[in-house]
Number of protein chains: 2
Amino acid sequence: MKKILIVDDDAELRNNLSEILKGEGYHTEEAGSGKEAIEKAVSSDFDIALIDLMMPKMSGVDVLSELRRIKPKTRVIMITAFATVENAVDAIKKGASDYISKPFKIDELLTTIRRVLEEARFEEGIMKLDLDFTLSSLSNYIRRNIIRLLSLRTGMHFMEITRELGIEDHTKVVFHLKMLKESGIIEQDKDKLYFLTKEGEKTLDCLKILENYLSNK
Amino acid sequence: MKKILIVDDDAELRNNLSEILKGEGYHTEEAGSGKEAIEKAVSSDFDIALIDLMMPKMSGVDVLSELRRIKPKTRVIMITAFATVENAVDAIKKGASDYISKPFKIDELLTTIRRVLEEARFEEGIMKLDLDFTLSSLSNYIRRNIIRLLSLRTGMHFMEITRELGIEDHTKVVFHLKMLKESGIIEQDKDKLYFLTKEGEKTLDCLKILENYLSNK
DNA sequence: GATATTTGTGAAGAATAATTCACAGGCAAA
DNA sequence: TTTGCCTGTGAATTATTCTTCACAAATATC
C-alpha cells in the first residue's frame, strides 16, 4: 500500500484529503507544520508527500528541500492557493515532481498522484537495470582487470590489453571487450584505442569502493 | 619477475644488495634518497621496497608512510643499524611488512623477502575470492531482494520470504537461499528462521553503497 | 607488393547458473 | 489418523556466460 504524507496547516483540508485518499486505498499520515512533516518523514518512508506551499514558519519550499535531502526517494507534489509560474518553476527545480493549485478537483489530484507513482516505478526500474548492468560487468575477473588497466593507462590498443592481461587467446579478450562496450563501460576512438567512458569510471569507483570495503575488515 | 626497490643512502650497500638480489632472479632498482625512492615508486610498481630507516633528510619512516599511501600494494621491509623495539613497532604499525637489522645475513634477508612475497600472494588471493563471492552473490536480482528483505525484517521463515518475493515456485527460492547460505551471507537458527550473517550485513552495505552511488548521477 | 601483425566475426562447444518438476519428511490442526 | 502446509532434496532441463577455434578484413612493415 502506497504511503502518502499530507503537509498543510489547514486541519480541515488535511482531514478531507486524508479521508478521500484512504478511500482510494492509500495509507495516509498528516502533518500540520513543516517541522512535524520532517519528523514523520525521518521515521517512515513515504512514497509521496503533498506539501502546501504557504505555511507559517517553515514554508513549503523549505520542507521540500529538506525532504529531498533526507528522503530522495519520496516524491513531492506541491499544492498552493496562489499559482504563479515562478513558484511552480522554483518548486520543480528544487525537486518537486509536480505542482497543483487550489482549488483543485479531487480527480485532478488523484490523476497526478497516480502519474507520479508510475514515474517513480519506472525510474526505479531504470535504476535496477543500471545496477544489474554494473554488477554483471564487475562479476567477471577479466573484465574487472580490463577496467583497472584502462583506468591506469587510458587509451590502450587491443593487443596491449591482451598482452598485459597475459591471455594467449586474443578472441577471449575480444569477447569481454565487446561486453564492456555494449554495457557502455568502455568505448573506442577512431584510432581503435580503448577508453573508459564516464559510466566506466563510475563503475571503477564502485569496484574500488567494494575492494576498500572488503579489505578493511 | 618480482621487482624490488632498494632505498639506502649507502651506495656500496645498495650495490651489493642489488647484485645479490639480481643473482636470485629479482629485478632491482636503487634509490639513494627518500625523494628518489618516491619518484621511482610513482612510475613503477614494486613488489617489495627495502628501506633503510636512517637516512638524511627524509627518514625511512617517512618514506614508508608516503609509499604506503601511493602504492599500498608494495610491501615494505625496513632495515636499520640500530634495532630498538620502539622503532620496529612503530614501523610495523605504519604498515611495514617486516623489519630486519644490520648487519644481517644475506640468507636472513632472502628468507624474509620470500616470506613477505608469499604473504602478499596469499592476501591477494583471499581478497580476490572475497570480491568474487560478494559480486556473484549480488549479481542476482532474487538474491539481492532476499538480502534486502532480511535486512528489513530480521529472522524470516522460508514461506514468508517466498511470499514476500511473489515467487510461485518455492524451490526456486530454496535454490537461492542455499547459495546465500553457502556463501555465508545468511544463516538459519534452530527454528529455521533465516538471518543475515555479519558477512551478509557487509554485503548489504556494499549493495547500498552501489545503489546510492548509481542513483546520484 | 608481399608479409606480418592487429583487430576483429561467427559458430560451436564447454562450463556454470538458474529453473522446473516429481517427490518426501515433519509437524500442526481437524 | 488424515489432511494440509512448511521446508526441503535431487535430478532433469533450460538459459546464460564463457571459451575455443577457424577464418578474415584492415593496417602496418619490410
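Here is the naming used below: chain letters follow the sequence lines, and residue numbers restart at 1 for every chain.
For B/N15, the side-chain hydrogen bond (donor to acceptor under 3.5 Å, both in side chains) criterion is met by no residue, not counting sequence neighbours. In terms of the side-chain contact (heavy atoms from CB on, under 4.5 Å) criterion, residue partners of B/M58 (sequence neighbours excluded) are, by chain and number, B/I38, B/D62, B/V63, B/E66. With sequence neighbours excluded, the residues forming a side-chain contact (heavy atoms from CB on, under 4.5 Å) with A/K40 are A/L5, A/E29, A/E36, A/F46, listed by chain and number. Applying the side-chain contact (heavy atoms from CB on, under 4.5 Å) rule to B/N145 yields the partners B/Y141, B/R148, B/L165; only residues at least two apart in sequence or on another chain are considered. Considering only residues two or more places apart in sequence or on other chains, A/H176 meets the side-chain hydrogen bond (donor to acceptor under 3.5 Å, both in side chains) condition with A/R143. For B/K2, there are no side-chain hydrogen bond (donor to acceptor under 3.5 Å, both in side chains) partners at least two apart in sequence or on another chain. For B/T111, the side-chain contact (heavy atoms from CB on, under 4.5 Å) criterion is met by B/R114, not counting sequence neighbours. In this structure, A/K172 has no side-chain hydrogen bond (donor to acceptor under 3.5 Å, both in side chains) partners at least two apart in sequence or on a different chain.
Remark: C1' of C/dA17 and CZ of B/F133 are 14 Å apart, rounded to the nearest angstrom. Residue B/L177 contributes atom CG, which lies 15 Å from atom P of D/dC6 at whole-angstrom precision. Atom pair A/L193:CG and D/dA26:C1' shows a separation of 16 Å (rounding to whole Å applied). C/dT6 atom P lies 14 Å from atom OH of A/Y194, rounded to whole Å. Rounded to whole Å, the distance from CD1 on A/I167 to P on C/dT7 is 15 Å. For B/L135 and C/dT16, the CG to C1' distance is 17 Å, given to the nearest whole Å.
In this structure, B/Q188 reaches the D/dG8 phosphate: one of its side-chain N or O atoms is under 4.0 Å from OP1 or OP2. Distances shorter than 4.0 Å separate some side-chain N or O of A/K178 from OP1 or OP2 on C/dT9.
Listed by first and then second residue, the salt bridge (charged side-chain N to carboxylate O under 4.0 Å, His left out) pairs involving residues 4-13 of chain B are B/D8-B/K102 (not counting sequence neighbours).
Although no hydrogens or angles enter the test, the distance criterion places no donor-acceptor pair under 3.5 Å between the side chain of A/D52 and the main chain of A/V7.
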Dump the pairs, protein N or O against N or O of nucleotides 26-30 of chain C, anything under 3.5 Å, distances to one decimal.
none

Can you give me the N/O atom pairs linking the protein to nucleotides 17-22 of chain D at distances under 3.5 Å, or say none if there are none?
{"unit_1": "D/dC18", "atom_1": "OP1", "unit_2": "A/N140", "atom_2": "ND2", "d": "3.2"}
{"unit_1": "D/dC18", "atom_1": "OP2", "unit_2": "A/R143", "atom_2": "NH1", "d": "3.0"}
{"unit_1": "D/dC18", "atom_1": "OP2", "unit_2": "A/R143", "atom_2": "NH2", "d": "3.4"}
{"unit_1": "D/dT19", "atom_1": "OP2", "unit_2": "A/H176", "atom_2": "NE2", "d": "2.8"}
{"unit_1": "D/dC21", "atom_1": "N4", "unit_2": "A/T171", "atom_2": "OG1", "d": "3.0"}

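Non-hydrogen atoms lying under 4.0 Å from DNA chain D are contributed by B/H157, B/F158, B/M159, B/R163, all within residues 154-163 of chain B.
For B/D45 and B/K3, the salt-bridge test fails: no basic side-chain N is under 4.0 Å from an acidic carboxylate O.
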